[in-house]
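Before any comments, here is the structure.
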Amino acid sequence: MARSTRTIRTTQSLADNALVREEDLPVIREVAERYAVSITPAMHQIITGPDDPIARQFVPTGAELVIAPEERADPIGDDPFTPVKGITHRYPDRLLLKPMHLCPVYCRFCFRREVVGPGEGMLSAPEMEASLDYIRSRPEVWEVILTGGDPLLISPARLAPIMRALDAIDHVKVIRFHTRVPVVDPQRITDELITALGTETPVWVVVHTNHRQELGDDARTALRLLSRNGIPLLSQTVLLKGVNDTPQALEDLFRTLVANRVKPYYLHHGDLAQGTSHFRTTIAHGQDLMQKLRGRLSGTCQPTYVLDIPGGHGKVPIGPTYINDTDTGSGAAHRVTDPWGTHHTYPPTPGPDAG
């Protein structure tokens, strides 16, 4: 069957494109009534089967109807930190600006899946101005992070005035974008978009990507267009069972990113979003993966493994620990584990020539 040249948004189109079975449609419709569905042509064309890492990320399944007791509609606690619509202000020196509540694709593990996709698209002009006024009135805000939804879905013509407004706020020193677009809809990275991003205030782009298979020729071209125009690139990845929860999968992804001028930034432990328990690993497994990568992967390829504490308590690193206090008999010291699992005392025990 020919691949769709349009974004797949309905359950019937999932079946028509052999992404789900006809007999599974009643369950898939139930899932789609709650959580939005969207698969771009760029992602559809690289799906090789129902269990490959791309299909698992974007094709809905009945497993999403299973809600574990610990899961939450607002798993990281955005709501209490929303002073005006479109703003989440959790940390003193930075805040989220969410101008768009739509995405080019809908990840089946999204932590904002209850609010992103259904309902409203972009903030209205008065809502956007209220958000900008909030930023203007908070001199402690050093960085504005555009997220959503995906802010690079906004057309360059509509994005440019937002960028000009942020650029005119003296205390805003960095503008950051969190986006999937360069990977899942790379044709949107155009010269017109680059122009819209061309503010005096430095712009950083953080690309969400979870598997090497996502980074085809078009995605690499999009990343190259951004980097060659002076936009620094970082990445964030979600640790997902059955997608990238092996040392080899993460190594392949992080090496490919760095080779394309993207610095791995965060590896997120899966959030407690409703209907996503089938994607979550244990923290111990994530720590083990990071420990295995330490000895085999360049430091430029190493992200920070982080957990967003439920309830709005912030993001913290949860990677493996390599150092512990110990007692050598002659005073406190440390036991340090090297990347290959061997233990060492620090400071080392003095040798016969010491002193």
Working to the nearest 0.5 angstrom, can you tell me the gap between [X] [atom1] and [Y] [atom2]?
| X | Y | atom1 | atom2 | value |
| --- | --- | --- | --- | --- |
| L293 | S298 | CG | OG | 11.5 Å |
| L25 | E22 | CG | CD | 5.0 Å |
| L19 | I54 | CG | CD1 | 12.5 Å |
| I169 | T201 | CD1 | OG1 | 9.0 Å |
| M290 | I318 | CE | CD1 | 10.0 Å |
| R108 | F58 | CZ | CZ | 10.0 Å |

State whether the side chain of [X] and the backbone N or O of [Y] hold a donor-acceptor pair below 3.5 Å, judged by distance alone.
| X | Y | answer |
| --- | --- | --- |
| D24 | V20 | no |
| T345 | P348 | no |
| T276 | F279 | no |
| H89 | Y91 | yes |
| E143 | I175 | no |

For T82, side-chain hydrogen bond (donor to acceptor under 3.5 Å, both in side chains) partners two or more places apart: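 T82 satisfies side-chain hydrogen bond (donor to acceptor under 3.5 Å, both in side chains) with no residue once adjacent residues are dropped.
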
Strictly by modelled atom types, are [X] and [Y] linked by a side-chain donor-acceptor pair under 3.5 Å?
| X | Y | result |
| --- | --- | --- |
| R212 | Q248 | no |
| E192 | T195 | no |
| D338 | H344 | yes |
| D185 | T40 | no |
| E214 | Q57 | yes |

According to the salt bridge (Lys or Arg N to Asp or Glu O under 4.0 Å) rule, which pairs have a member within [range], sequence neighbours left out?
| range | result |
| --- | --- |
| residues 74-83 | D78-R90, D78-K98, D78-R112 |
| residues 37-63 | none |
| residues 268-283 | E70-R280, E71-R280 |
| residues 228-241 | none |

[X] to [Y] - nearest heavy-atom pair and separation:
| X | Y | result |
| --- | --- | --- |
| V243 | H211 | O-CD2, 3.1 Å |
| T281 | G286 | OG1-N, 4.4 Å |
| Q302 | K263 | O-NZ, 3.0 Å |
| I28 | G62 | CD1-N, 4.4 Å |
| L159 | L197 | CD2-CD2, 3.9 Å |
| S131 | K85 | OG-O, 2.8 Å |

What side-chain donor-acceptor pairs closer than 3.5 Å can you find for residues 146-155, not counting sequence neighbours?
from, atom 1, to, atom 2, distance (Å)
D150, OD1, L152, N, 3.0
D150, OD1, T179, OG1, 2.7
D150, OD2, T179, OG1, 3.1
D150, OD2, R180, N, 2.7
D150, OD2, V181, N, 3.4
S155, OG, R158, N, 3.3

Presence of salt bridge, R136 and D133, under 4.0 angstrom: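 Answer for the salt bridge query: yes.
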
Lys/Arg N to Asp/Glu carboxylate O, R72 vs E114, below 4.0 Å: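 Not counted as a salt bridge, because no side-chain N and carboxylate O are separated by less than 4.0 Å.
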
Ring pair (Phe, Tyr, Trp, His ring centres under 6.0 Å) involving F177 - partner list, sequence neighbours excluded: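 For F177, no residue satisfies ring pair (Phe, Tyr, Trp, His ring centres under 6.0 Å) once neighbours in sequence are set aside.
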
Test log, rule side-chain hydrogen bond (donor to acceptor under 3.5 Å, both in side chains), inputs Q274 and R113: CA-CA 8 Å; Q274 292 183 335; R113 63 198 323 231; over 6 Å; no

Remaining members of hydrophobic cluster (4.5 Å side-chain criterion), W142: V174, W204, V206, L234, Y265, Y266, V306

Co-members of the apolar cluster containing I145 [side chain, <4.5 Å]: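 When side chains under 4.5 Å apart are linked, the cluster holding I145 also contains L96.
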
E23 atom CD, over 12 foreign heavy atoms within 6.0 Å: yes

Within 6.0 Å of CZ in R261, more than 12 heavy atoms from elsewhere: no

D288: side chain to side chain contact (heavy atoms under 4.5 Å, CB included) partners, not counting sequence neighbours: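 For D288 the side chain to side chain contact (heavy atoms under 4.5 Å, CB included) partners, ignoring immediate neighbours, are K292.
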
Pairing residues for T237 by the side chain to side chain contact (heavy atoms under 4.5 Å, CB included) criterion, not counting sequence neighbours: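 Per chain and number, T237 pairs via side chain to side chain contact (heavy atoms under 4.5 Å, CB included) with N210, N244, L253, F254, L267.
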
Step-by-step salt bridge (Lys or Arg N to Asp or Glu O under 4.0 Å) determination, D167 to R164: CA-CA 5 Å; D167 196 28; R164 288 195 296 269; over 6 Å; no

Verdict with reasoning, R255 to E251, per salt bridge (Lys or Arg N to Asp or Glu O under 4.0 Å): CA-CA 6 Å; R255 286 190 189 278; E251 178 178 343; 2.9 Å; yes

Of all pairs that satisfy side-chain hydrogen bond (donor to acceptor under 3.5 Å, both in side chains), the ones with a partner from residues 304-322, not counting sequence neighbours: H269-Y305

